[in-house]
2 protein chains.
Amino acid sequence: MSQNTTTTSAPTPCDLLVQADVAVTQDDTRRVILNAGVAVTNGIVVGVGDHDDLCAQYEPGTSLDLSGTMLMPGLVNGHTHLPMTLFRGFADDMPLMEWLEEHIWPVEFQLTDELLTIGANLGCAEFIRTGCTSFLNSYMHEHVTGEIVSLAGLRVVLGEGFFSFPSPLFPTAEECWQTIRELSQRYSDNPCIRTAVTPHAAFTVTPDELVASFELATELDVIWQIHLAESETETAICLDRYGKRPIELLHAHGLLTGRTTLHHCVDITDEEIEILADTGVNVVHNPASNLKLCSGISPVQKMLDAGVIVGLGTDGASSNNQLNMFRDMALAALIGKVRHEDASAVSAQSALDMATRGSARCLGWPELGRIEVGCPADMIALDLSTPNLMPAYNYISHAVYGATGMEVCMTMVGGKILYLYGDFRTMDMKAMRTEALLASKWVLSKAKK
Amino acid sequence: MSQNTTTTSAPTPCDLLVQADVAVTQDDTRRVILNAGVAVTNGIVVGVGDHDDLCAQYEPGTSLDLSGTMLMPGLVNGHTHLPMTLFRGFADDMPLMEWLEEHIWPVEFQLTDELLTIGANLGCAEFIRTGCTSFLNSYMHEHVTGEIVSLAGLRVVLGEGFFSFPSPLFPTAEECWQTIRELSQRYSDNPCIRTAVTPHAAFTVTPDELVASFELATELDVIWQIHLAESETETAICLDRYGKRPIELLHAHGLLTGRTTLHHCVDITDEEIEILADTGVNVVHNPASNLKLCSGISPVQKMLDAGVIVGLGTDGASSNNQLNMFRDMALAALIGKVRHEDASAVSAQSALDMATRGSARCLGWPELGRIEVGCPADMIALDLSTPNLMPAYNYISHAVYGATGMEVCMTMVGGKILYLYGDFRTMDMKAMRTEALLASKWVLSKAKK
């Protein structure tokens, strides 16, 4: 026991004291604590350390014994489109444009709030099951996602997406901005929901509207996120239309700042990486989606070496097909080595950093993704009794290379348990399969024949 | 109901009738059957079809209701080193030779039968948990693995490995061959265990001994397997030593035949792929291991297009770090697209074919990897109520892209249930964690300081 347990002062009350075999804190020094304890009050971590020490320091209202497990910060998903779980496995093994134009868009533009609700519910269930506690979303009808995420008990940054061409929702981009203002207003007092300004891409939104939308983000003091440099095709379009590559284009318009989160950055040059580092931009890496749509492999280690903040995202379930951050962590580490021709590239610690602290920065919510005093108690536990987590030499390695995500046996957001050993506390899982069946029938009925 | 249920003949007795929402058969026409039934007698599939039809045709001794699940053939792992689960997460993020010479070999050469038993047990537990029912092994002390696999109830092809330089077990390669003969003899009546002849690699076994070992394989009528063309480093060694690339070397010695299974084939040319196709060689693709050790990405689609039989393997848990065929299926499909710059490359069906029928060919056991009348009843079921398998448009896509492997809720070999909804029927999972802890302490005590 450490010295501070020998004090004779009376124990401090706390709401909750969690015990686990080990805690991977992801704090500034990346402490890994054996016989770990975490004390929580009002949804905030108030103590992290040796469990015996914390027992002496705190008098908890509730004790949660997670012996046989490993605690980690809840994973932070830097890029997804939650309701697209509706399209999981609907169209595979084809390139981005064919997939979008022939299969996804024709159905997507007919989606109703009822369908969006089913998709968002399914996505939340998968996040909770696989230990993702917060995420940066971009889709349409974000008020639906907001309501569902709120009921599920997760955290989200809502990004109502827009194009410069007329979409089923918004005849012009500006008409989306009123929706963004309303979302921002509606959730201004909600500690779990924030908003973002979310132009779709540099080839679907004009430079003028990109600039105007960035001004809106500045006014609302929220992050500004965009799909960027996802593929060589996109680069070719930008070069053809504007004479500039995507990153050059944004840079020329002053859109690369600490408020900016770029999704993908697959087709980027070394010089562009320097620009990203110099401007303090945040980048979200989406390995599964980039592979599945054959976009390429992002030079993540080069970005990390240059000092760029890199987070990790699943993208939508339609191009992944999972919403499982554990899978994308492993993918990031595995393909990073081949991309950089270096077996030490994108180490397990780097991949875990991306999925926690890195993504938290990309969400503009840097206090997430770590178990640390003063930060929200968003935590997950992994059952160490599954064969694939034995024996244990290195818990970081286990989290990244060993785990499938289904070892998650507890998911907590702000001190509230959402999932515990098979029990979803905030979701009706029985209804889910019936709803999913309804949704698949609807989607098939709307698909291009 | 189909016509044959209207016959008035008395039902035929069968041992077992399994019911599931869907069966992905992997038979010659890749039938996917809704409301599926599979009848089993003496461990062999005797009927596959609509469950109602089978109910009319058969009078089962036991009925197994797996409603809410999807049946598939048990996955066939084309390449692994079972006891290396002992080294899961022991040394990550480093290249092949440093990893082998500095970390793995110094400990490996001190392994005792007790440690090998623990490693093999752990590996079997992970296979059973994640739906792998048979595998092609290569390691040392294969009699230990044989005993453990037999107790676990899985199928294996045992490959006692050898080098031309003295190893802790065999001063010369020839001395291993007596062990191989004994293994072959010991299991000659065992329907679940076969043997192989297993030289380590073209750079660790001399051409003369490769040829002599191939003659042994021919004499015993077993497959001959070898690590080959795994990396550019290996190619450089072979060129330097023999003036030939690895595949050229084997071809020059007549070692490329239908009896030959090559593991890896990452660094191969288009001309070499033609040679593999022409000679009827079987190749095992190991995507996770090739990525993690930074060996590269095998041109799998080119091989498939040329008509080469390709299976799928996890390799050992020390370079993966999972023994989860579902993860390697997804990896094969995902990285195959980037490798071939084609989003349709290595489709979900191709990846599933590799993990079932392809691997079965690589094991020299072609009746595995399919649910078909006359074939062994090696089957698994996936729980369709997990969020990541909803909604369902395409069950092949779900198996490859959607599943983590932990959705497996039933694993059966030869009609015998090894795992059912959390219950390991043949393994002592309580003892496993204690044994794994002992093993990790032992490994650390033997590690190079």
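Here the structure is a predicted model, which is why all the values come from computation and not from measurement. Naming: A, B, ... by sequence-line order, numbering from 1 per chain.
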With only heavy atoms counted, which part of [X] is less than 4.5 Å from chain A, the side chain, the backbone, both or neither?
X        : value
B:Asn324 : side chain
B:Met429 : side chain
B:Leu323 : neither
B:Leu384 : both
B:Arg327 : side chain
B:Met94  : backbone

d(A:Met354 CE, A:Met329 CE) to nearest 0.5 Å is 10.0 Å
Chain A: which of B:Ala317, B:Ala403, B:Pro391 shares the most heavy-atom pairs with it under 4.5 Å? B:Pro391
Pair count under 4.5 Å, heavy atoms only, with chain A: among B:Leu437, B:Leu86, B:Asp93, highest is B:Asp93
Taking all non-hydrogen atoms of both residues into account, name the closest pair between A:Val300 and A:His340 and its distance. N-CE1, 3.4 Å
Quick one about B:Ser319 and B:Ser289 (side-chain donor to acceptor, distance below 3.5 Å, no hydrogens or angles considered), yes or no? yes
Pairing donors with acceptors under 3.5 angstrom, does anything connect the side chains of B:Arg129 and B:Tyr419? yes
Run the salt-bridge test on B:Asp92 and A:Lys337 with the 4.0 Å N-O cut-off and return the result as yes or no. no
Looking at B:Glu126 and B:Arg88, is there a salt bridge between them, counting it only when a charged N and a carboxylate O are closer than 4.0 Å? yes
B:Lys292 and B:Asp315: salt bridge (charged side-chain N to carboxylate O under 4.0 Å, His left out), yes or no, with the steps? CA-CA 11 Å; B:Lys292 185 149 184 266; B:Asp315 209 339; over 6 Å; no
Side chain / backbone / both / neither for A:Ala348 at chain B, heavy atoms under 4.5 Å: both
By a 4.5 Å heavy-atom criterion (distance strictly below it), what part of A:Ile128 contacts chain B: side chain, backbone, both, or neither? neither
Of all of A:Ala125, A:Cys124, A:Pro287, which one pairs up most often with chain B through heavy atoms under 4.5 Å apart? A:Ala125
